[in-house]
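Each remark here refers to the structure printed beneath this line.
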Number of protein chains: 6
Amino acid sequence: MSSTISDQLQNLGVTTFRPSNRRGDQMREVRITRNFTKHAEGSVLVEFGDTKVICTASVERGVPRFLRGSGSGWVTAEYGMLPRATGSRNGREAARGQQGGRTVEIQRLIGRSLRACMDLKKLGENTITIDCDVIQADGGTRTASITGAYVALRDAVSFLKKDKHGAMKGDPIKYGLAAISVGVYKGEPVLDLDYAEDSAAETDMNVIMTDKGGFVEVQGTAEGEPYSQEELNAMLELAKKGIAELCELQEKVLA
Amino acid sequence: MSSTISDQLQNLGVTTFRPSNRRGDQMREVRITRNFTKHAEGSVLVEFGDTKVICTASVERGVPRFLRGSGSGWVTAEYGMLPRATGSRNGREAARGQQGGRTVEIQRLIGRSLRACMDLKKLGENTITIDCDVIQADGGTRTASITGAYVALRDAVSFLKKDKHGAMKGDPIKYGLAAISVGVYKGEPVLDLDYAEDSAAETDMNVIMTDKGGFVEVQGTAEGEPYSQEELNAMLELAKKGIAELCELQEKVLA
Amino acid sequence: MSSTISDQLQNLGVTTFRPSNRRGDQMREVRITRNFTKHAEGSVLVEFGDTKVICTASVERGVPRFLRGSGSGWVTAEYGMLPRATGSRNGREAARGQQGGRTVEIQRLIGRSLRACMDLKKLGENTITIDCDVIQADGGTRTASITGAYVALRDAVSFLKKDKHGAMKGDPIKYGLAAISVGVYKGEPVLDLDYAEDSAAETDMNVIMTDKGGFVEVQGTAEGEPYSQEELNAMLELAKKGIAELCELQEKVLA
Amino acid sequence: MSSTISDQLQNLGVTTFRPSNRRGDQMREVRITRNFTKHAEGSVLVEFGDTKVICTASVERGVPRFLRGSGSGWVTAEYGMLPRATGSRNGREAARGQQGGRTVEIQRLIGRSLRACMDLKKLGENTITIDCDVIQADGGTRTASITGAYVALRDAVSFLKKDKHGAMKGDPIKYGLAAISVGVYKGEPVLDLDYAEDSAAETDMNVIMTDKGGFVEVQGTAEGEPYSQEELNAMLELAKKGIAELCELQEKVLA
Amino acid sequence: MSSTISDQLQNLGVTTFRPSNRRGDQMREVRITRNFTKHAEGSVLVEFGDTKVICTASVERGVPRFLRGSGSGWVTAEYGMLPRATGSRNGREAARGQQGGRTVEIQRLIGRSLRACMDLKKLGENTITIDCDVIQADGGTRTASITGAYVALRDAVSFLKKDKHGAMKGDPIKYGLAAISVGVYKGEPVLDLDYAEDSAAETDMNVIMTDKGGFVEVQGTAEGEPYSQEELNAMLELAKKGIAELCELQEKVLA
Amino acid sequence: MSSTISDQLQNLGVTTFRPSNRRGDQMREVRITRNFTKHAEGSVLVEFGDTKVICTASVERGVPRFLRGSGSGWVTAEYGMLPRATGSRNGREAARGQQGGRTVEIQRLIGRSLRACMDLKKLGENTITIDCDVIQADGGTRTASITGAYVALRDAVSFLKKDKHGAMKGDPIKYGLAAISVGVYKGEPVLDLDYAEDSAAETDMNVIMTDKGGFVEVQGTAEGEPYSQEELNAMLELAKKGIAELCELQEKVLA
């Protein structure tokens, strides 16, 4: 992996191969702002560089029909982008009358990942709905969404802990959770792709992990040529580094 | 109108009849932030107190079919609310598969009002699409949307002015434009209702006016009892005062 | 207001400025036919000149979920136009799979206005659904709809009064209710615009009032240039005259 | 067939077995009113007793994509019922977001039948859209629709004949066309079932024929028990009688 | 009817007028395979020559709302075609967001026909849903569907008979049931039209009958010219022959 | 990895830990039948044990709008399940009016994977649409779909090669392609999960690879607990073994 070389070059003022001039293993600046809006039980603005997502967590008593009486809670997620979050305007999904395939795919991923870090039995018969709405997109919206959603989820769980009438049976959070994209760009593995890289990458991989280093979801797609086991391994190494940084930031923000 | 009395009382530290302790003719603090997001030709965050709306203006070459070849441009608007912009979560319209009646009503009003302050012939065969997305609601989202949308529209027009290939034929902006809600609350006319007032008001009126004092749209609805000509007149007087303040702020921000 | 002059001219056989040769303050011939179809609890054909609308009122036991157990009733409305009610055929909304924005806007207005003239508590847990279906359009379909719907509503209430098992707790009708359009056409305020006027008017205002002179809804839109306070006042004066005539006719028909 | 007996009994003042006291082979009173509304090229109110349908024919230049350049025209039909055309209110299809199966089935039948009596080549590249909207239902709405639609179609063709710019190449009408329902009710074949009979009939058959006695469509459904060849034959005989009367009335009205 | 001549010619090695070289009264080879898939209570592959349809019958406890508490069961059907069951690909109905008119028409016919051969009271409060999915189409898919669906229905009823907790009250099957298409092709009546004949036939008739010779549904459509009573009679004779053969095959397969 | 032990046990007649009694690295019997239906340019029945999918490839001239004039072709996929392909009936997506999230996710995966093994430039401006319709499901429907779809794609490409008017510019197939599921079941890595395993697995991973050993897509989801790097590696090893066997079978079938 050439990141060491890139690093040395960067320290010497030499520009790297990345459009953003980051080292291969360098994330964008990540900011997490809690209590971003006032109504939701959890409300977070998460920023991965120019990618900005509002993540809210809404608590409701009761669960969907298939869980009623089970004593178990539920966590689900929805995802959206403001029409002009991107370089050219995308038609509003509400006006077109349905969510696109990409939207459906992402919101299923977010919900699945959040449930994987929880003990839904301990949540009791409560439902937490996560809304991730992208207000500005610059690559990595799904991984930023998951990383921010986890913080909103934690705030919603804290809200339920204080609620005497809530049905919680202990702390339902089993793990910390964060997500990051990695890829192969110009033949080199890179961490946290922005839009300029993402649209030109040979391989794009989203990795969702717990703070204990367990994999929750790995989705790696060859955009151009198929990728090798070596590339896969290098990407996973970068992902582990990024996840560790994100989990540390999340805990700092939640402290 | 009892606002003078309210005013005197307020100056004496006496609380007024309004939940927010404002005088009857007092607006909430209004903030307009240009260039809020980076992709759109016009992008504004408008805040009427706790009501916060992102208004973007997107420029596209060409016009809808019914205007092709006419030499005339088009301005249209879409409106949405993040699911948890409100006190309890509203189902996402994209997921439900259609925009609700209230949404449709509001976005038609926004589009109609913006077109009324423009000379579409001078715009040339360009389309400007306004997106108003409420990220936090506390009453008056439609009037905040129009007030912010006008600023985003001005930025989009400035963008077109600098564009050599644009088809503009002079400045298409004929008037300044702002909108404000007025109502009758506890028997008194009030300016710029917040949610606490709006949900309890006897009458709710939205007024959209130009900076020259012309009416673009007046929509007054009796929520409880029918209202009288005197109440109508009192509300319109308050609206004129509010519109003047908003137009002044818009020009200051645009300067 | 030049209506006096128009009036004198008309009496002298001089044509007025209106395409229909009416005076500025003159309504079209209005006809209200009760029991137009046989199944509905209230069924009215209302005609404002060539505008013809079938208004039915359907009574159902029970109320929507949000009112169950409240003891309160509900009144709602739906609006439609036969595809060839207009000069050129409009696609059938049922075939296109959704109601257009204009339809939604109008049916919300009708429902809101009818509820404003009622005491829903006294209606008991009954639902009255008003259907307004335009079979021929020549301007003013929404005001004709409201005016006819009120008569159908009264017949439906009479039906409930005779019903021993109904849950009514006294007469739920608080006010008479009618609606009329006014506008500024060729610089002059006019009453009850037909299509020829409506499509060329500078300003179009729909006014819904009670028989006691209270305003239920005022919606005034600048179609061309913004309008002034003087024009607003003149239009409201015309509206009051029209509403008084309509309320008188309604009571005569209901007697 | 016992209709002769019924006839004799009826003449003697004895009530027949039919709820309407008609003879087995007796149709309801049929009325056809041309020019019922003013905008459409053909506009007919057709009444089979208490069943009332507005049938309009709308002419448009051009044809659907699959016929462009073929020189051939197109005739299509849409069908709807006002929500309260029936004894209890049916949800509005436009509001529910789609046409029901029964509606789709009927409008396909109407369109197919009308095309069967025409030479679409002679129509030239024009489209005639038939709208059949039931304002009051009492059985037999589909057969009344076809019978009225044919008259509206004839008026639309006459309109095209007078149009110099139309693309007609001779008279596209090949046959007269009418439709009638027959059935087996209380074991006896009956003509033109009303709702009381239709809902209790053992067999329900819709027959569409030309004025020359050719079958265009026969649809016979066993509602209770399967029916025999003899019953089928008896129903077809009744249908022929009814069709002949309807064709005669159509021509009289069109004269 | 010239089938005798065709028959003699065929025996002499002379080709007939039918593209498939069948006699006028000759069906395609029909195959019915039970237990085609493993999950459904009834699962049949039915083949009429190259037309192949998977018919499954699914048993569920309970009935739709309108039958709850009535003690009566329900049978309903849905129909679909794989997108490439036909010569050119048809858009997938699930992706387009609705079933087409032809699909709706066919599935209503299937459900209605199956209910006609049953005593739903004896079925008890169970619902049997029939799915007919065409995997290869060559004409006659609706008649093949009904013929196969009947066999799947019988297997589902057998499943219920063995179920102690089922609510059956005796055998709900009243009749055997089969369906066949007949038509007029090149001026001659023909049995069991394949696609080549169907697309060129003057008349197309679908006949659904019981094994006792009763008519359940007759649907005859003039595709080109209207048809005569003689043609109708000739087609029905062919249909009776075909139905008898199909009912015999069904019972053999079920034995 | 304990598969060696399992293997030895199995050889000794000892049952393994898998419900199907397969070794951990043993696939179900896989069958691929070409020319399964007659209309499509490629038509394959693929069976992974009891999972059965019909995969058709349909060739159309031309490409979607976003590729017109680019000289490049397009490959896309749609996926569906017959309602009773599963143990209990799933509502038909066409009847519900939209494809579910799982369906959308799968069909996007199929299309993306097939495009990854092709040179779309060489395909010329042709579109190949793959339809994967599951007629019986027992786990692994998406991987069976991709494996079968590749064979149907190859047949469609062969069809285009023979077509003089096709716009192909050389062989567009760059790689062989197959897909297999792997997982962790009862703590052990297993190959090709059937439904009994899939519904109880701790981790479920779908791996799509070329015949040259390159990764096209890896999607690994923790169903229960997060998984480790060691488990990931073990699963990928199993996948490579399975893919090699599948690619060999595909080539044998295509020979």
Side-chain angles (χ1 to χ4, degrees), chain B residues 76-79 97-113 115-120 174-177 184 202-233 235-237 239-240 243, chain C residues 76-79 97-113 115-120 174-177 184 202-233 235-237 239-240 243:
Chain B
T76 186
E78 290 186 357
Y79 171 93
Q98 65 171 68
Q99 295 180 299
R102 180 184 168 277
T103 295
V104 168
E105 205 173 87
I106 292 175
Q107 68 191 12
R108 284 167 59 89
L109 174 66
I110 299 170
R112 204 161 60 219
S113 299
R115 287 192 294 275
C117 76
M118 294 190 73
D119 181 337
L120 294 173
K174 293 196 301 186
Y175 300 105
L177 185 86
V184 177
E202 291 104 63
T203 302
D204 181 19
M205 180 175 278
N206 293 293
V207 182
I208 300 139
M209 297 180 72
T210 68
D211 57 348
K212 301 285 180 279
F215 291 106
V216 163
E217 184 114 8
V218 172
Q219 291 197 345
T221 304
E223 302 286 346
E225 285 300 293
Y227 54 97
S228 66
Q229 180 79 50
E230 291 67 38
E231 289 171 315
L232 174 64
N233 291 344
M235 287 188 285
L236 290 178
E237 282 313 303
K240 285 175 191 171
I243 295 285
Chain C
T76 186
E78 289 186 357
Y79 171 92
Q98 65 172 68
Q99 295 181 298
R102 180 184 168 277
T103 295
V104 168
E105 206 173 86
I106 292 175
Q107 69 191 12
R108 283 167 60 89
L109 174 65
I110 299 171
R112 203 161 61 219
S113 299
R115 286 191 295 274
C117 75
M118 295 191 73
D119 181 337
L120 295 173
K174 295 195 300 186
Y175 300 105
L177 185 85
V184 177
E202 291 105 63
T203 302
D204 182 19
M205 180 174 278
N206 293 294
V207 181
I208 300 138
M209 297 180 73
T210 68
D211 58 347
K212 300 285 179 280
F215 290 106
V216 163
E217 183 113 9
V218 171
Q219 292 198 345
T221 305
E223 302 286 345
E225 285 300 293
Y227 55 97
S228 66
Q229 179 79 50
E230 291 68 37
E231 289 171 315
L232 175 64
N233 292 344
M235 287 189 284
L236 290 178
E237 282 313 303
K240 286 174 191 172
I243 294 286

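In what follows, chains carry the letters A, B, and so on, assigned in the order in which the sequence lines appear, proteins first and then strands, with residues in each chain numbered from 1. Note that this is a predicted model, so its numbers are computed, not measured.
Only the side chain of Leu232(C) comes within contact range of chain B, with heavy atoms under 4.5 Å apart. Contact of Thr210(B) with chain C is made through the side chain alone, with heavy-atom distances under 4.5 Å. Of the two parts of Leu236(C), only the side chain, counted from C-beta on, holds a non-hydrogen atom closer than 4.5 Å to a non-hydrogen atom of chain B. Using a 4.5 Å cut-off between heavy atoms, Gln107(B) does not touch chain C at all.
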> Under the salt bridge (charged side-chain N to carboxylate O under 4.0 Å, His left out) criterion, do Lys240(C) and Glu237(C) qualify, and how do the steps go?
Replying inline: CA-CA 5 Å; Lys240(C) 286 174 191 172; Glu237(C) 282 313 303; 3.5 Å; yes
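With a 4.5 Å cut-off on side-chain heavy atoms, Tyr79(C) and Glu105(C) do not count as touching.
Taking CD of Gln219(B) as the reference point, atom OG1 of Thr221(C) lies at 6.5 Å (rounded to 0.5 Å).
Under the salt bridge (Lys or Arg N to Asp or Glu O under 4.0 Å) criterion, the residue pairs touching residues 215-232 of chain B are Arg112(B)-Glu217(B), Glu225(B)-Lys174(C), with sequence neighbours excluded.
In terms of heavy atoms, Ser113(C) sits closest to Ile208(C) at OG-CD1, 3.5 Å.
With chain C as partner, the option from Val104(B), Val218(B), Asn233(B) having the largest number of non-hydrogen pairs under 4.5 angstrom is Val218(B).
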